[in-house]
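Read the numbers this way: they start at 1 and go in the same order the structure lists the ligands and their atoms. Counting begins at 1 with the first residue of the sequence. Side chains are part of it too, since the values below use all heavy atoms of this structure and drop only hydrogens, waters and symmetry mates.
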Amino acid sequence: MARQAREQNRIIGLAPTMGALHEGHASLIARAKRECSPVIASIFVNPKQFGPNEDFAKYPSAFESDTEKLKQAGVDALFAPEAAEIYPRDFSTYVHVEGLSERLEGRSRPGHFRGVTTIVMKLLQIVQPHRAYFGRKDAQQARLIELMVRDLNLDAEIAVCPIVRDPDGLALSSRNVYLNGEERKAATVLFRALQAVKKELEAGSRDALHLQATLRRKLESERLAAIDYAEIVDAESFEPVTRVAKACYVLLAVFIGKTRLIDNLYLEPKSPGSDHLAFHL
Ligand code: AMP
């Protein structure tokens, strides 16, 4: 399909997912549909990106309703391989983006990003899209994939799409089904903490330590929440900043009970060097 589409000068779009599809995934597909034809979605729960104590074995799966949703969304093809097709028994070649893979998510989940960049590389090779769509909810992942594509001269564009949230602010995630009723309520603390930081930024505060203190205070006010990390980082290097002056992420990883959730606020100056910020929450 890809070869034929390329020969016909059509733009092929790919939206990689791990299934259990929600409106966040749907937003990637909707944008791909606006920009590409054909649009291909993939569903693959990639064993190589889960640590030994993580939720690979119980990761939510809803293949039948997923295929129905993809049909409704007008996806032209679904790539849903078996693990054995992707990883033969003696599989031994990995893609590793040095540095950034070791920070933040990478520190909490050793080996996770090596699994992510390896599977995305393989999906790009197999599907041969012109453009691949990722969500900003996984901001560090999206940045790593941009770096991989640049560093390895891959012939694909990476498009990063905004976070889709429930009406109460919780970022949609396939893992939200792990939350019980009480935890689901508590989980809005991630959004509330990001909003508190946004409010201070709007009032003119730019000191990262001060903003981080607000973030932590808000998160710590929720009994069921345990902070993994809560940082303000440069949007390219993901190194901590002392002042919010150029594009930055306020990044969160928080346990609500046993469920680990991530979220972020993306900030960028409205024009280069400007003190006026655009907020992407
Ligand atoms: P996953 O199936 O969780 O691996 O996610 C597949 C893609 O959907 C990734 O690029 C995610 O960043 C993106 N995604 C997941 N949740 C959301 C969301 N709430 N908003 C936007 N994109 C999302």
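Protein heavy atom at the shortest distance from atom 11 (C) of ligand 1 is D138 OD2, 3.1 Å. Of the protein's heavy atoms, G135 CA, 3.5 Å lies nearest to atom 22 (N) of ligand 1. Among all protein heavy atoms, the one lying closest to atom 20 (N) of ligand 1 is V164 N, 2.9 Å.
Counting the atoms of ligand 1 from 1 in the order shown, those under 4.0 Å from a heavy atom of L172 are 16 (N), 17 (C), 18 (C), 19 (N). In the vicinity of F134, heavy-atom distances shorter than 4.0 Å reach the ligand 1 atoms 10 (O). Residue contact check: T17 has heavy atoms under 4.0 Å from atoms 2 (O), 6 (C) of ligand 1. Contact atoms of ligand 1 toward I163: 20 (N), 21 (C) (distance under 4.0 Å to a heavy atom of the residue).
Of the listed residues (K198, R206, K199), just one forms a salt bridge (charged side-chain N to carboxylate O under 4.0 Å, His left out) with E202, and that residue is K198. Residue V250 is tested with L267, N264, D263 for a side chain to side chain contact (heavy atoms under 4.5 Å, CB included); the sole match is L267.
Among H25, H22, M18, the residue whose heavy atom lies nearest to atom 5 (O) of ligand 1 is H25.
Neither the backbone nor the side chain of R136 has a heavy atom within less than 4.0 Å of ligand 1. With a heavy-atom cut-off of 4.0 Å, P162 touches ligand 1 through its backbone alone.
Between Y266 and F279, a ring centre-to-centre spacing not shorter than 6.0 Å is recorded.
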Could you give me the CA-CA distance, side-chain angles and deciding distance for Y178 and K58, then say whether side-chain hydrogen bond (donor to acceptor under 3.5 Å, both in side chains) is met?
CA-CA 10 Å; Y178 297 152; K58 64 167 183 153; 5.1 Å; no

Worked verdict on F44 versus F79 for ring-ring contact (aromatic ring centres under 6.0 Å, His included)
CA-CA 8 Å; F44 182 62; F79 180 57; 8.1 Å; no

Checking side-chain hydrogen bond (donor to acceptor under 3.5 Å, both in side chains) for the pair Y249/Q140: CA distance, chi angles, key distance, verdict?
CA-CA 10 Å; Y249 278 107; Q140 192 180 359; over 6 Å; no

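A cation-pi contact, defined as under 6.0 Å to the ring centre and within 45° of the axis, is absent between R103 and F238.
In this structure, P16 has a heavy atom closer than 4.0 Å to ligand 1.
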